[in-house]
Each structure stands twice: as C-alpha cells, then as structure tokens.
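Structure, as structure tokens:
Just so we're on the same page: letters track the sequence lines, and every chain starts at 1. Note: hydrogens, waters and symmetry copies are ignored here, and every other heavy atom, side chains too, is used.
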Amino acid sequence: MSEHETHHDHHDENKLITQRRDKLAKLREQGNAFPNDVVREHKAADLHKEYGEHDKEWFEEHAIPVTVAGRMMLQRVMGKASFATISDVSGRIQLYTQKNVLGDEVFDDYCHWDLGDIIWASGMLFKTKTGELSVKVHDIRLLTKSLRPLPEKFHGLTDHEQRYRQRYIDLIMNHDTRDAFVMRSKIVSYIRNFFLQRDYLEVETPMLQVIPGGAVARPFITHHNALDLPMYMRIAPELFLKRLVVGGFERVFEINRNFRNEGLSTRHNPEFTMIEFYQAYATYHDLMDLTESLMRGIATDVVGSHEITYQGETFDFDKPFARMSVRSSILHFNPELSAEQIDTLEGAREVARKLGIPLKDGYGLGKVQIEIFEKTVEHRLLQPTFITEYPAEVSPLARRNDANPFITDRFEFFVGGREIGNGFSELNDAEDQAERFMQQVADKDAGDDEAMHFDADYIRALEYGMPPTAGEGIGIDRLVMLFTDAPSIRDVILFPHMRPE
RNA sequence: GGGCCGUUAGCUCAGUCGGUAGAGCAUCUGACUUUUAAUUAGGUGGUCGUGCGUUCGAGUCGCACACGGCCCA
C-alpha cells in the first residue's frame, strides 16, 4: 500500500463495514451517492403533536402529505411490505413501505439499506391498526450511506468510555444523553436572559493571558510565536471583568471556558464553563439574594419543579436558603469542638492534626480553618446553603470585613455537598490589593505553584478607582450536573477530556 | 497518587476445575403486504486490551503495562 493510501487504511474494519462499503460503491456507480436535492418539510415530533390524536378513520377522510427524513433505526421487512423507524432531531416516526407502491427495484433496494443510513421519504399520514402514526410512503430515497454498524437496537451503547470518546454514537442511541444537553442549553439560556434582564452587559475577555489571574490554580502554559512570549490559558476572567467595572460598565457578565491544569475526575474537567458577573454599588448580600432567585428560577422555570432530585437526595429550592459563617458551620457540624479550639492557630492546628489533615508550615489560622471546613462541613451541606465570612488569608481578591479584618465579605454557595458558586464584595482598595498580590508572590516563591502572579496593570486599574462592587462565579458544569441528576461532569460536557486511546 | 472492579464478535453479554470460542441483536441467503426489540429457517463473523511468564496445553493462573469505571486522597 502506498503512503498516500495509508491514511485511509481500513485496519479496524470488519466484514460488516466491508459489506456496507460495497453497497456504497454500487451507489456511486448508479449516480450521486450523496444527494442533497431533497426538501424535508416535517419533523417527527411536530407530526405526532399535530396529528397524533386523530383516529384511524380521520386519516382515511383527510389526505395529509408529508416529507420526512432521518436516520433509519429499525427496519422490519415482511415480504412485500415493511416498516421502518427513522429518527430526526425531534424524535421518531414510522414509515410503511409497500412493494406494489414503490416498485420492485426501489423496494428491493430499500430492503438492503442498513440501520444507520440517512433516508428521506414522502407519503401520506395514516394510523396502523395498532394506532401508531405512520407515513404510507410513495417515494423514498437513501441520502447518506452509513458505513459503520450502530450498537444493538435494544441495549444501545452502555460503555462509558465509548460514550464519551464517540459522543455522536451516544447521541444517536441514547435519548437521555440528548435530553441532558438540551437541558444544559436551556439552563445557559435562562442564565443569560436572567442577567440581560437585569441590565447586565454580556462581554468576552481574553482566554489567552500574559498573567493568569483571578483564581488560585495552576494554568496551562502556551506560547505566542510572533511575540515570542509565554502565554497562559485563563484560569478565570475575574480581573478583566473588574477592569470593565473600572471602565464604567457597572454590570457585566461572561459565560465561557476556564482552563485549569489539574487532574481529571467525575467532578473536574481541565476546561470548564463558568459564569462570572460583577455589579457595581452592590454587596455580597445582594449577590446572595440574586443567586437565590437565579437558582429558584432555574429549578421552577427550566427543570419544572422547586424540588430536584440528585443521586437519590432531594433538594428544595423554594425554602429560603440557609446562611451561616465558616466558623459557625464548623462549630455546628462539630459540636464537640469549642470556639477556643478553632479561634487560635495552635488549637486549630491540633484539631486538624486529629482529623488527619496534612498542614504546611506557612498555614495561618484562616487556612487551617478552611481545611477543617472542607474536611468536616462541605460534604454535609446538602440543601442550598450560603457559607459566609471566609478568612482573608484564603480570599486574596475579596474585600475585608469592616468590623473584623480577619474575614472577608465573601460567600460560597453549596448544594448537594458541592461548591456551586463563589462571590464576594470586591476588594477595591488598590494598596491593599497590591499587598495581597505581594503575599501571593511570596507564596509562589516559597513553592506554591497555585499562588497568584502580581498583576501590575490590574493594580493600576484599581488606582483609577473601582466603585464598590460585588462579583460572583458559578460553575455551569456542576450546576447542570445538579439539575440533570448527572453523577459525572463527563455526562454534561459533550466532549470531555480523556487519555488518548 | 492509593484501593477495588472491568476489558471476549459491530453492540449487549455468557464462558464451569486450565483441555477445540458461545448466545442474543446486527449482517448475509430464504419465507412472510399493518409490524412494534416483528416472526421464522439456515449461514458468515474472534489478535479473548497489550506483553512476559507458569504449564504438555492459558479467555481462564501469575507479573507488568495500557485504557476505563467506582471509591478514597
């Protein structure tokens, strides 16, 4: 075999594919094997919706001509007649073909078409004697030959790996998969409209950044050839969105991808979708209220119920969401602990040690408290809950609390034991922000490769003055998981990252 | 990163104590003009994830690796 042919070397092919290739070769001989000169006028679901209620006799009195097209999923040939089921974007519809109507040649060709072929048919609507709306076909054409056999018609495709790697097969075979991604699209649309209606401006900020900022995470590193410059895939849009608030866009939001160079799991994909939104002249309290109505709206208006079930647990979005501080939540879920134990560095370190949490030398009280919180509280926050008053030590971009400088005016939002959102009153004191960046740089120099860079232009922007502002980020993938009852993030991302085959 | 489980026909799955590789669907050849995973008769189809080892003999036992799933960190 020549080099030219190696790229379509059919090494993974079997007899079934060879047979289909032979059929395609015959089609090529007969003319255009990939015709596109058809008009598809009707979708399956529309026909069921409009005509599904009429009885058999009604169709005998009313001639309803239709043209349909789709992928042939089932075919039952009974000598001189046949039923086939085709699937289009909306659903399925049954075709009834007869040899004496189509003619011997067309009918015999049709009988040798394969499951998976894309076909077109025109004919009259009718109901079978079992009452199924069907098309009595007078003209039928093969539009696209399918060369690869579909999974078995009854069990479908169940292998997770193949479903993720070859999502197109998953979508062909599994209607639930299709539904989940339709739901995802509706949720995103709802969120977009929610903010547009509240006078937010939708914007797009750089995904390629010279200084990756706005989150504590390891970035992907890339390179710009013409500038001969190292660049980073963004880990968050935050610092750019706040520059826009400085610029006078008082309400902005962005729904798009972030990239974090971390492992893959049922809850982590290296690229994931977030919405971040910023509102001037608001505080984190306003955003908690906003988040609460957004979540309630998605549940009732998109999913259709204020109660949703996730992996067997029921969450109620109708009741007011619980709100409690990091500190009080630790004490609430660990009644054996005293305030003294978690309010001093020595006491908290001892608690962490007993819990088996590995601590680094540089950890201050705030960081240790968060470790204790994550270990003992987070997974128990099942009903929608806001946790507030995060330590400043773990909140390098949040505004310090006026009364207690140890904490910030920040919250995280939890459902089902998982963090869904993170918001705070923004730090708009340029000098405080510069100092916190310096601390992050010191952490980075000490070996913390997740610590932030110093973003001098962001400081410069704050020096022009940012109005008091509150901002929040919500992980869209995790949110969709919740509302589609998906156990893995891979079930809500069309093409999740996998190790190469 | 650790533990457990999985990988057999295009798909869904069996495979006993280590002794010739199985079923259903799909596909091919027939029968069949209202089926519903159509029915029905017959046939084709395998690098048992990869490699090494033990053995007269490995889908099966051992080791390593790859990919995946679940749980844990």
Side-chain angles (χ1 to χ4, degrees), chain A residues 10-24 26 48 55-56 59-60 71-87 91-104 107-108 110-117 123-138 145-166 168-170 172-175 262-268 311 352 355-359 371 374-376 378-379 417 486-491 496-501:
Chain A
H10 307 138
H11 64 280
D12 65 334
E13 297 199 354
N14 56 46
K15 191 173 169 184
L16 298 178
I17 296 176
T18 304
Q19 284 168 347
R20 290 181 177 215
R21 272 190 202 284
D22 291 344
K23 291 178 183 179
L24 175 60
K26 282 214 181 74
H48 287 293
D55 61 16
K56 194 167 157 55
F59 290 99
E60 287 160 9
R71 190 183 297 277
M72 186 162 72
M73 303 303 291
L74 297 169
Q75 190 189 37
R76 298 177 285 280
V77 178
M78 303 161 298
K80 297 183 179 63
S82 168
F83 287 96
T85 302
I86 63 169
S87 172
R92 294 185 169 199
I93 186 115
Q94 180 170 263
L95 309 180
Y96 178 57
T97 55
Q98 296 156 289
K99 191 166 188 166
N100 60 353
V101 173
L102 295 180
D104 291 1
F107 187 80
D108 290 344
Y110 155 84
C111 288
H112 288 89
W113 294 349
D114 292 296
L115 298 187
D117 288 353
M124 297 293 175
L125 277 186
F126 78 112
K127 277 209 169 166
T128 63
K129 64 183 179 189
T130 52
E132 178 163 351
L133 186 68
S134 307
V135 180
K136 191 169 286 186
V137 174
H138 60 66
K145 187 69 200 161
S146 171
L147 296 176
R148 290 180 180 270
L150 290 175
E152 194 226 353
K153 61 191 174 190
F154 187 60
H155 297 93
L157 182 68
T158 62
D159 182 72
H160 280 92
E161 181 173 355
Q162 202 177 349
R163 288 179 50 206
Y164 300 144
R165 288 190 194 280
Q166 295 179 269
Y168 39 92
I169 309 178
D170 188 26
I172 290 170
M173 299 305 298
N174 297 318
H175 210 270
E262 53 198 19
L264 291 78
S265 78
T266 51
R267 288 186 295 281
H268 298 85
Q311 304 294 295
L355 288 167
I357 299 169
L359 296 177
E371 293 284 338
E374 288 176 356
K375 175 93 176 183
T376 64
E378 195 170 306
H379 65 280
S488 169
I489 198 169
R490 289 173 166 167
D491 297 319
H497 286 285
M498 308 279 281
R499 284 188 164 84
E501 287 180 81

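Atom NZ of A:K26 has 12 or fewer neighbouring heavy atoms from other residues, nucleotides or ligands inside a 6.0 Å radius.
Using a 4.0 Å heavy-atom distance criterion, A:M173 is classed as making no nucleic acid contact. Within the nucleic acid shown, A:R490 comes within 4.0 Å of sugar-phosphate atoms alone, with no base atom in reach, counting heavy atoms only. Residue A:R163 is out of contact with every strand shown, counting any heavy-atom pair closer than 4.0 Å. When heavy atoms are screened at a 4.0 angstrom cut-off, A:T266 is found touching the sugar-phosphate backbone but no base atom. Using a 4.0 Å heavy-atom cutoff across all strands shown, A:L74 reaches sugar-phosphate atoms only and no base atom. Contacts of A:K23 with the nucleic acid, taken as non-hydrogen atoms under 4.0 Å apart, involve only primed sugar atoms and P, OP1 or OP2. Using a 4.0 Å heavy-atom distance criterion, A:F126 is classed as a base contact. Using a 4.0 Å heavy-atom cutoff across all strands shown, A:G156 reaches sugar-phosphate atoms only and no base atom. Here A:Q19 lies in heavy-atom contact (under 4.0 Å) with sugar-phosphate atoms only.
Nearest nucleotide to the side chain of A:E132, out of B:U29, B:U35, B:C25: B:U35. Of the candidate nucleotides B:U33, B:U12, B:U27, B:U12 has the atom nearest to the side chain of A:E152. The side chain of A:E161 approaches B:G68 more closely than any other nucleotide in the set B:U33, B:G68, B:A26. Which of B:C32, B:C67, B:U12 sits closest to the side chain of A:R165 comes down to B:C67. With B:C11, B:U34, B:G68 as the candidates, the nucleotide lying closest to the side chain of A:M78 is B:U34. In the set B:C67, B:U27, B:C32, B:C32 carries the atom at the smallest distance from any side-chain atom of A:V77. For A:K153, whose side chain is taken as the heavy atoms from C-beta onward, the closest listed nucleotide among B:A38, B:C67, B:U12 is B:A38. Distance from the side chain of A:R499 is smallest to B:C67 among B:A38, B:U34, B:C67. Nearest nucleotide to the A:L115 side chain, out of B:A37, B:U27, B:C11: B:U27. Listed candidates were B:C11, B:U34, B:G10. Nearest to the side chain of A:P151 is B:C11.
Rounded to the nearest Å, the gap between the C1' atom of B:U50 and that of B:U8 is 15 Å. One C1' atom belongs to B:G46, the other to B:A9, and the distance between them is 6 Å to the nearest Å. Distance noted for atom P between B:G57 and B:A21: 16 Å (whole Å). Here the separation of B:C4 from B:U16, taken at their P atoms, is 23 Å to the nearest Å. Remark: the separation of the P atoms in B:G15 and B:U29 is 34 Å, to the nearest Å. B:C65 and B:G10 are spaced 27 Å apart, taking the C1' atom of each and rounding to whole Å. Nucleotides B:G51 and B:U40 are separated by 47 Å at their C1' atoms, to the nearest Å. Across B:G22 and B:U47, the matching P atoms stand 15 Å from one another, rounded to whole Å.
A close approach under 4.0 Å does not occur between any side-chain nitrogen or oxygen of A:R76 and OP1 or OP2 of B:U35. Within the structure, a side-chain polar atom (N or O) of A:K129 is placed less than 4.0 Å from OP1 or OP2 of B:U35. Residue A:N14 has no polar side-chain atom (N or O) positioned under 4.0 Å from OP1 or OP2 of B:G45.
In this entry B:G30 has B:U40 as its Watson-Crick or G-U wobble partner, both defining distances falling under 3.5 Å. In a base pair of the Watson-Crick type (N1 to N3 plus N6-O4 or O6-N4) or a G-U wobble (N1-O2 and O6-N3), with each distance short of 3.5 Å, B:G62 is matched with B:C52. B:G22 is paired with B:C13 under the Watson-Crick or G-U wobble criterion, all donor-acceptor distances under 3.5 Å. When both pairing distances are held under 3.5 Å, B:C4 makes a Watson-Crick or G-U pair with B:G69.
Considering only heavy atoms from C-beta on, A:P149 comes within 4.5 Å of A:R20 through its side chain. For the pair A:T266 and A:I489, the minimum side-chain heavy-atom distance is 4.5 Å or more.
Rounded to whole angstrom, the span from the CG atom of A:D22 across to the P atom of B:U27 amounts to 16 Å. Look at CZ on A:F154: it is 14 Å from C1' on B:A38, rounded to the nearest Å. Protein atom CE of A:M498 is 8 Å distant from nucleotide atom C1' of B:C67, rounded to whole Å. When the C1' atom of B:A9 is taken as reference, atom CZ of A:R148 falls 15 Å away, rounded to whole Å. Look at NE2 on A:H268: it is 16 Å from P on B:G1, rounded to the nearest Å. In this structure, the CD atom of A:Q166 is 14 Å from the P atom of B:G68, given to the nearest Å. As a whole-Å value, the separation of A:L264 CG from B:C67 C1' is 13 Å. Between the CD atom of A:E60 and the P atom of B:U34 there is a distance of 16 Å, given to the nearest Å.
Residue-to-nucleotide proximity on RNA chain B shows that, of A:H112 and A:G79, the 5′-proximal contact is made by A:H112. Heavy-atom distances to RNA chain B give each of A:K80 and A:W113 a nearest nucleotide, and the one nearer the 5′ end belongs to A:W113.
Contact between A:T97 and A:V137 at its shortest, heavy atoms only, is CG2-CB, 3.8 Å. Residues A:F107 and A:A81 approach most closely at CZ-N, 3.6 Å, considering heavy atoms. Shortest non-hydrogen contact noted between A:L150 and A:G116 is CD1-CA, 3.6 Å.
In summary, of the residues considered (A:R148, A:K23, A:K145), a salt bridge (Lys or Arg N to Asp or Glu O under 4.0 Å) with A:D117 occurs for A:K145 alone.
Side-chain polar atoms of A:S82 and A:Y110 form a donor-acceptor pair below 3.5 angstrom.
In terms of polar N and O atoms assigned as donor or acceptor, the side chain of A:D159 never comes within less than 3.5 Å of the base of B:U12 in a complementary pairing. The base of B:U35 sits within donor-acceptor range of the side chain of A:T128, with an N or O pair under 3.5 Å. A donor-acceptor contact under 3.5 Å links the side chain of A:Q94 to the base of B:U35.
With values rounded to the nearest 0.5 angstrom, A:W113 atom CH2 is found 9.0 Å from A:Q75 atom CD.
In this structure, the side chain of A:H48 engages the main chain of A:R92 through a donor-acceptor pair within 3.5 Å.
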